[in-house]
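Data block below; observations after.
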Amino acid sequence: RGIYTDCDYTLTRKIHINMRRIIHTMLFMAACLACTAQESTPQPRPGDSEAVERVIMSRRSIRKYTPQKIGRETLQEILRCGINAPNGQNRQAYEIRVIDDAALLTEISDAARAANPQVKPKNGARTIFCDAPCVVFIACDTSYGISQIDCGLLGENIILAAWARGIGSCCMAFPISLMKGSDACQPMIKKMGLSEGYDLIYCITMGYPDETPQAKPRKEEKIVFVE
């Protein structure tokens with residue numbers, strides 16, 4: 001009986017020792033993974049500020065585009081940058097709909113203009129979207145008071161990410177007001193499948209630039225430091 005008791009004690013002690021080793025190993029690995037995660041967090045690199053500033057300061061609103069389509073992979077990259085914009089409480093109170101079908105964009109434009117015959121597209125364009133090969137429609141969550149701000153931040157990221165890839169854009173609200181005022185456009189808006197409570201507020205036309213507009217002056221006196 002005593003021999004069996006000693007063996008049981010020795011076995012139990014070995015199990016406890018091994019368990020402690022396993023737990024220590026797991027804790028060490030968890031700590032290493034945490035450090036790795038922190039180290040892998042992207043950080044600004046030397047030269048990034050100049051590159052970002054160059055994109056911001058060189059950006060222009062483009063209203064004339066070449067017929068060249070934007071690849072879906074490129075669009076995905078641009079829109080991924082868009083949804084990584086800051087937003088209130090991370091509610092991401094927006095929805096995005098992308099149309100890069102020229103026939104569908106023309107159909108929407110024709111329906112909107114039929115209800116507003118006095119409207120003439122600018123720069124000799126055929127559509128209210130400046131003949132852009134792609135239009136990004138942005139809707140806000142009407143139940144969230146600052147969702148329009150979030151939509152603006154989203155749009156700015158999209159515009160800058162596009163420009164960094166040589167793709168021009170123009171932020172436009174007028175086409176949306178024409179679409180909403182057209183009965184013929186309602187089925188097309190419904191086709192976008194927006195969630196209940198979401199409302200279209202503006203769109204971004206996108207395409208490869210066919211113009212090089214000059215920068216318009218900015219009023220730096222609007223910047224005031226309060227002491």
Side-chain angles (χ1 to χ4, degrees), residues 40-45 47-88 90-106 108-109 123 125 127-141 146-176 179 188-189 191-195 198-213 215:
S40 64
T41 301
Q43 297 294 326
R45 298 170 298 179
D48 280 357
S49 60
E50 289 84 357
V52 171
E53 185 174 347
R54 185 164 56 251
V55 171
I56 292 172
M57 300 303 289
S58 66
R59 184 212 61 82
R60 303 287 182 268
S61 291
I62 301 299
R63 296 176 176 84
K64 292 183 70 176
Y65 306 96
T66 71
Q68 182 181 350
K69 291 194 67 171
I70 306 170
R72 286 284 178 92
E73 185 175 342
T74 300
L75 285 172
Q76 285 285 5
E77 292 172 356
I78 292 169
L79 296 170
R80 193 177 300 116
C81 291
I83 62 174
N84 274 277
N87 63 91
N90 197 34
R91 292 178 62 158
Q92 303 178 52
Y94 44 70
E95 288 191 352
I96 305 165
R97 298 295 181 267
V98 184
I99 299 180
D100 59 357
D101 183 314
L104 180 54
L105 289 171
T106 299
I108 294 172
S109 177
N123 300 325
T127 71
I128 58 174
F129 305 113
C130 303
D131 293 344
C134 176
V135 180
V136 177
F137 295 87
I138 297 173
C140 71
D141 181 353
I146 63 170
S147 62
Q148 292 195 16
I149 296 175
D150 291 347
C151 289
L153 294 168
L154 163 81
E156 179 72 358
N157 266 27
I158 291 172
I159 288 167
L160 293 177
W163 189 248
R165 291 164 172 78
I167 296 168
S169 63
C170 187
C171 180
M172 304 179 74
F174 187 52
I176 302 302
M179 291 169 62
M188 301 169 194
I189 294 175
K191 184 179 181 180
M192 292 183 183
L194 296 171
S195 299
Y198 279 77
D199 183 42
L200 282 177
I201 55 173
Y202 76 104
C203 65
I204 301 173
T205 58
M206 295 174 60
Y208 291 96
D210 195 24
E211 64 174 350
T212 53

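- The shortest distance between side-chain heavy atoms of M188 and M179 does not fall below 4.5 Å.
- Within 6.0 Å of CZ on R72 lie no more than 12 heavy atoms contributed by other residues, nucleotides or ligands.
- The closest donor-acceptor contact from the side chain of N123 to the backbone of A125 lies at 3.5 Å or more, if one exists at all.
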Verdict with supporting geometry, F129 and F174, ring-ring contact (aromatic ring centres under 6.0 Å, His included): CA-CA 10 Å; F129 305 113; F174 187 52; over 10 Å; no
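- When side chains are defined from C-beta on, C170 does not count as touching I204, because their heavy atoms never get closer than 4.5 Å.
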Step-by-step side chain to side chain contact (heavy atoms under 4.5 Å, CB included) determination, D199 to D141: CA-CA 7 Å; D199 183 42; D141 181 353; over 6 Å; no
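- Rounding to the nearest 0.5 Å gives a distance of 5.5 Å between OH of Y94 and CG of L154.
- Between C134 and V98 the shortest side-chain heavy-atom distance falls below 4.5 Å.
- Using modelled atom types and a 3.5 Å distance limit, the side chains of N90 and Q92 yield a donor-acceptor pair.
- Here the straight-line distance linking atom CD of E156 with atom SG of C151 works out to 14.0 Å at 0.5 Å rounding.
- A salt bridge does not link D131 with K64: none of the charged nitrogens is closer than 4.0 Å to a carboxylate oxygen.
- Contact record, A139 with L194: CB-CD2, 3.8 Å, taken as the closest heavy-atom pair.
- Summarising the geometry of D150 relative to G88, their closest heavy-atom pair is OD1-N, 3.1 Å, with the distance given to 0.1 Å.
- Side-chain N or O atoms of S169 include none that pairs as donor or acceptor with a backbone N or O of M206 at under 3.5 Å.
- L153 is not listed as a side-chain neighbour of N87, based on a closest heavy-atom distance of 4.5 Å or more.
- Atom CZ in R165 sits 11.0 Å away from atom CG in L160 (nearest 0.5 Å).
- In summary, the side chains of S147 and Y198 do not present any donor paired with an acceptor at a separation below 3.5 Å, with no hydrogens or angles considered.
- For the pair S109 and T127, the tightest heavy-atom approach, listed with the atom from each and the gap, is OG-CA, 3.2 Å.
- Residues A132 and T205 come closest through the heavy atom pair CB-CB, 3.6 Å.
- The environment of CD in E77 is crowded: more than 12 heavy-atom neighbours from other residues, nucleotides or ligands sit within 6.0 Å.
- In this structure, the side chain of D48 engages the main chain of R45 through a donor-acceptor pair within 3.5 Å.
- Considering only heavy atoms from C-beta on, L75 stays 4.5 Å or farther from V136 through its side chain.
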Steps toward side chain to side chain contact (heavy atoms under 4.5 Å, CB included) verdict (I158, C81): CA-CA 6 Å; I158 291 172; C81 291; over 6 Å; no
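- Without hydrogens or angle criteria, R97 side chain to M192 main chain gives a donor-acceptor distance under 3.5 Å.
- The shortest side-chain heavy-atom distance between Y208 and I70 falls under the 4.5 Å cut-off.
- One distance of note links OG1 of T106 with CD1 of I128; it measures 10.5 Å at 0.5 Å rounding.
- Counting all heavy atoms, side chain and backbone alike, I78 lies closest to A162 at CD1-CA, 3.8 Å.
- Put simply, SG on C203 and CD1 on I138 are 8.5 Å apart, with the number rounded to the nearest 0.5 Å.
- Inter-residue side-chain proximity for P133 and D100 is flagged as unmet; no heavy-atom pair is nearer than 4.5 Å.
- The main-chain N or O of S195 is found under 3.5 Å from a side-chain atom of E95 such that the two form a donor-acceptor pair.
- With 3.5 Å as the limit, one finds a donor-acceptor pair spanning the side chains of S58 and W163.
- With contacts defined as side-chain heavy-atom distances shorter than 4.5 Å, the pair I201/I176 does not qualify.
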